[in-house]
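The next block holds one structure in the form of structure tokens; read it before the comments.
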Amino acid sequence: YQRRVHGENARSTAVNNAKETLKMIESLPYSTQGNVICVISSILIHCGELELALKSLRNAQGKVFGPQIQLNIHSLIVDILLRLHRVDLAEKEVKQMQTVDDDATLTQLATAWVALNQGGEKLADGVQVFDDLKEKFGTCVLLLNGLALAQMTNGNFETAEKLLLDSMSKRSNDPETLINLITCAHHLKKPTELINRYVTQLRNSHPHHPWTRNYCSMERKFETLSSQRRE
């Protein structure tokens, strides 16, 4: 469903449908409410409606759901808070997850992402979590990107690039991998042709990704300013 949320009209429709579904949550069987709230909140996050998504998730925290639904709700809140650069609040949310199930994969992932955003001494804790998960489940795109971000934060861009190329071999058009490869390529002063290839691949495969939309917006502004200077 989220992959079909393309363009402003589709985005507006998705948001309106999500709002209407939230209004009728109480009429749904209680056993399904938690899952529906998580799905709707994920759509709202994808559409950039962070405030509304956070509000619906906070309201859901006042209900009594099973451990897995609780963790899903907490993890989505962590995602939103990190997007809002509220690492302090995200850390508190992770602590609540730990009281529900400290060993759950969602709890471990949330712990690692918060640690990466905290940086400093916490960075090593995040890397350890990603390494433990890699040992347990094997390498995957999500874990490889997490480890790569940790290396980038430490300034180890060559190591990060190797991890990202491994990730790319598993899923060639993953947007986060391509974005991180673009960043690494800039820091490693890679040829412009390579960077442009990554950018083109990202634009073609994910034209509505927030990074792509921001890039295209900046490109248009640059072209406008350039034309004005030529005049």
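Side chains included, hydrogens not; waters and symmetry mates left out as well; all remaining heavy atoms used.
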| task | Could you check if a side-chain atom of Leu44 sits within less than 4.5 angstrom of a side-chain atom of Leu22, using non-hydrogen atoms only? | result | yes
| With a 4.5 Å heavy-atom cut-off, do Phe157 and Met152 have their side chains touching? | yes
| task | Using a strict cut-off of less than 4.0 Å between a Lys/Arg side-chain nitrogen and an Asp/Glu carboxylate oxygen, indicate whether Lys190 and Glu161 qualify as a salt bridge. | result | yes
| said: Within the structure provided, determine whether Leu147 and Lys134 are in side-chain contact (heavy-atom separation under 4.5 Å). | reply: yes
| Of all heavy-atom pairs between Ile69 and Gly34, which one has the smallest distance, and what is that distance? | CG2-CA, 3.7 Å
| query | Roughly how far apart are Glu91 CD and Lys122 NZ, rounded to 0.5 Å? | reply | 5.5 Å
| query | Are the side chains of Leu142 and Leu109 in touch, meaning some heavy atoms are under 4.5 Å apart? | reply | yes
| task | State whether the number of non-hydrogen atoms from other residues, nucleotides or ligands found under 6.0 Å of Glu51 atom CD is greater than 12. | result | no
| task | Locate the shortest heavy-atom distance separating Gln70 from Phe65; write the atom from each residue and the value. | result | NE2-O, 2.8 Å
Extract all donor-acceptor atom pairs below 3.5 Å that involve side chains of residues 74-83 and protein atoms in other chains or at least two apart in sequence.
unit_1	atom_1	unit_2	atom_2	d
His74	ND1	Gln61	NE2	3.1
His74	ND1	Glu93	OE2	2.7
Ser75	OG	Leu71	O	3.2
Ser75	OG	Asn72	O	2.8
Asp79	OD1	Arg83	NE	2.9

| message | Using every non-hydrogen atom in the two residues, find where Gln118 and Val87 come nearest and quote the distance to one decimal. | response | CG-CG1, 3.4 Å
| field | Minimum-distance pair of heavy atoms, taken over all atoms of Thr111 and Gln98 | value | OG1-NE2, 3.7 Å
| field | Lys92, NZ atom: more than 12 neighbouring heavy atoms under 6.0 Å | value | no
| field | Atom NZ of Lys55 with >12 non-hydrogen neighbours under 6.0 angstrom | value | no
| task | Before accepting this row, confirm whether a basic side-chain N of the pair Arg220/Glu223 lies closer than 4.0 Å to the acidic partner's carboxylate O. | result | no
| query | Looking at side-chain heavy atoms only, is the closest gap between Leu116 and Phe130 below 4.5 Å? | reply | yes
| said: Run the salt bridge (Lys or Arg N to Asp or Glu O under 4.0 Å) test against Asp103 and tell me which residues pass, sequence neighbours left out. | reply: none
| message | For the CG atom of Asn180 and the OH atom of Tyr198, what is their distance to the nearest 0.5 Å? | response | 11.5 Å
| Side-chain heavy-atom pair Val94, Trp113 within 4.5 angstrom cut-off | no
| task | For the residue pair Tyr215 and Leu202, establish whether any side-chain heavy-atom pair is separated by less than 4.5 Å. | result | no
| query | Which atoms form the tightest heavy-atom contact between Leu164 and Cys184, and what is the distance? | reply | CD1-SG, 3.8 Å
| query | Are Asp88 and Arg86 ion-paired here, with the side-chain N under 4.0 Å from a carboxylate O? | reply | yes
| task | Identify, with sequence neighbours excluded, every residue that meets ring-ring contact (aromatic ring centres under 6.0 Å, His included) alongside His209. | result | none
| field | Salt bridge flag under 4.0 Å for residues Glu26 and Lys63 | value | yes
